[in-house]
Amino acid sequence: GFVENPYIHCVSGRTDSANSTWFDRYHEINGTLNGRSFKRTSILLYGPTCNLAVSRRVAEDFRFDESFPNAACEDIDFCFRLMQQGFRTIHRRSMLVKHDYQYERGRFIANAVRFVKQFRKYARAEAILLAKCPDYFPYFGQTEEIGRFKIPGEDHSKKETAFTAAF
């Protein structure tokens with residue numbers, strides 16, 4: 001992604017589940033850890049840190065905000081700040097990570113509790129994100145989840161024009 005387009009500064013990819021419980025499949029199908037792409041493009045609003053590569057320039061000039069109490073939304077904040085400074089993040093489906101969500105076979109109730117706690121953690125972190133970045137939601141509305149069956153576009157030259165026109 002970096003070699004093909006010098007205007008790209010971050011690359012994120014597909015995050016599949018390392019396991020196969022119902023909860024793992026939910027995350028995989030709905031793209032919980034795949035980021036969000038601007039509609040009809042492969043340009044991302046954010047990519048998750050479990051599957052994010054950054055250019056040297058980004059690594060030298062930007063830091064994660066450590067005021068987020070948990071691993072939730074700090075990656076969104078990071079990518080959003082980068083975008084506001086003119087940096088771009090793209091999705092590369094070939095960049096695959098197998099993520100262990102830590103659900104256990106045969107433990108439906110325990111897994112359901114873990115699942116609910118995870119999304120509560122995301123909700124608390126989103127409140128922090130929105131307090132820090134009140135202009136985030138208008139961008140969010142122009143994006144879509146990258147689920148298992150949703151593949152963002154691959155032609156970055158056209159996508160860049162579409163992205164620029166949207167803002």
Side-chain angles (χ1 to χ4, degrees), residues 1-18 22-59 61-62 64-65 68 71-99 101 115 118-119 121-123 125-167:
F2 295 123
V3 173
E4 292 173 7
N5 191 331
Y7 300 103
I8 299 305
H9 305 95
C10 298
V11 181
S12 184
R14 190 175 93 222
T15 304
D16 285 353
S17 176
W22 180 91
F23 298 97
D24 291 297
R25 291 297 176 231
Y26 172 89
H27 288 294
E28 192 171 298
I29 290 168
N30 290 294
T32 305
L33 292 178
N34 284 344
R36 291 187 71 86
S37 67
F38 284 92
K39 294 176 182 172
R40 296 174 300 283
T41 77
S42 60
I43 297 173
L44 298 179
L45 176 59
Y46 69 86
T49 50
C50 67
N51 192 354
L52 184 70
V54 299
S55 67
R56 180 183 197 145
R57 180 171 174 208
V58 167
D61 294 343
F62 288 88
F64 282 92
D65 181 346
F68 282 88
C73 290
E74 83 293 345
D75 43 8
I76 298 171
D77 170 72
F78 180 78
C79 291
F80 188 68
R81 286 186 290 119
L82 289 175
M83 185 187 71
Q84 289 179 313
Q85 296 295 316
F87 292 89
R88 297 291 172 257
T89 302
I90 62 166
H91 182 82
R92 298 290 294 208
R93 193 157 179 82
S94 60
M95 191 168 141
L96 174 65
V97 165
K98 294 277 191 172
H99 184 71
Y101 291 96
F115 183 85
Q118 181 67 44
F119 280 93
K121 180 173 87 168
Y122 290 156
E126 186 176 56
I128 296 168
L129 174 71
L130 293 176
K132 290 173 49 73
C133 308
D135 52 345
Y136 171 75
F137 254 144
Y139 288 92
F140 183 88
Q142 298 176 51
T143 65
E144 55 194 355
E145 200 89 60
I146 303 169
R148 179 72 165 158
F149 304 107
K150 164 67 177 105
I151 303 171
E154 298 264 330
D155 185 351
H156 302 298
S157 61
K158 289 180 184 176
K159 305 306 185 235
E160 190 70 29
T161 304
F163 176 81
T164 306
F167 302 103

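Since we're looking at a predicted model, the values are computed, not measured.
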Sequence neighbours left out, cut at 3.5 Å: what donor-acceptor pairs do the side chains of residues 130-137 make with other protein atoms?
| residue | atom | partner | partner atom | Å |
| --- | --- | --- | --- | --- |
| K132 | NZ | D65 | OD2 | 2.2 |
| D135 | OD2 | Q84 | NE2 | 3.1 |

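Salt bridge absent: E144 and R36 never bring a charged side-chain N and a carboxylate O closer than 4.0 Å.
Heavy-atom minimum distance, G47 versus C79: N-SG, 3.6 Å. Considering all non-hydrogen atoms of both residues, D75 and P48 come closest at OD2-CA, 3.3 Å. Between V11 and R92 the shortest heavy-atom distance is CG1-CG, 3.3 Å. Considering all non-hydrogen atoms of both residues, S17 and K98 come closest at O-CD, 3.7 Å.
Using a 4.5 Å heavy-atom threshold, the side chains of C10 and L52 count as touching. Residues F68 and I128 have side chains in contact (heavy-atom distance under 4.5 Å, counting atoms from C-beta outward). Side chains of F64 and T49 form a contact here, defined as non-hydrogen atoms less than 4.5 Å apart. Residues I146 and L44 have side chains in contact (heavy-atom distance under 4.5 Å, counting atoms from C-beta outward). E145 has its side chain out of reach of N34: every pair of non-hydrogen atoms, C-beta onward, lies at least 4.5 Å apart. Using a 4.5 Å heavy-atom threshold, the side chains of T89 and F78 count as separate. Between Y26 and T32, some side-chain heavy-atom pair lies under the 4.5 Å cut-off. Looking only at side-chain heavy atoms (C-beta outward), H91 and S37 stay at 4.5 Å or farther from each other.
Checked by atom type, the side-chain pair Y122/Q118 shows a donor-acceptor distance below 3.5 Å.
F87 and F62 have their aromatic ring centers within a separation under 6.0 angstrom.
The CZ atom of R93 lies 12.0 Å from the OG atom of S12; values are rounded to the nearest 0.5 Å. Separating the CZ atom in F38 from the CD atom in Q142 is a distance of 6.5 Å, to the nearest 0.5 Å. Note: K39 NZ to L45 CG = 12.0 Å, rounded to the nearest 0.5 Å. Distance check, rounded to the nearest 0.5 Å: CD of E28 to CZ of R14 gives 7.5 Å.
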Worked verdict on N51 versus M95 for side-chain contact (heavy atoms from CB on, under 4.5 Å): CA-CA 8 Å; N51 192 354; M95 191 168 141; 3.1 Å; yes
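Residues meeting the ring-ring contact (aromatic ring centres under 6.0 Å, His included) test with H27, sequence neighbours left out: Y101, Y103, F115, F119. Y46 meets the ring-ring contact (aromatic ring centres under 6.0 Å, His included) test with no other residue; sequence neighbours excluded.
Of the possible donor and acceptor atoms, none in the side chain of Q85 sits under 3.5 Å from a partner among the backbone N and O of M83.
Of the candidates H99, R148, R25, D16 forms a side chain to side chain donor-acceptor pair (under 3.5 Å) with just one, namely R148.
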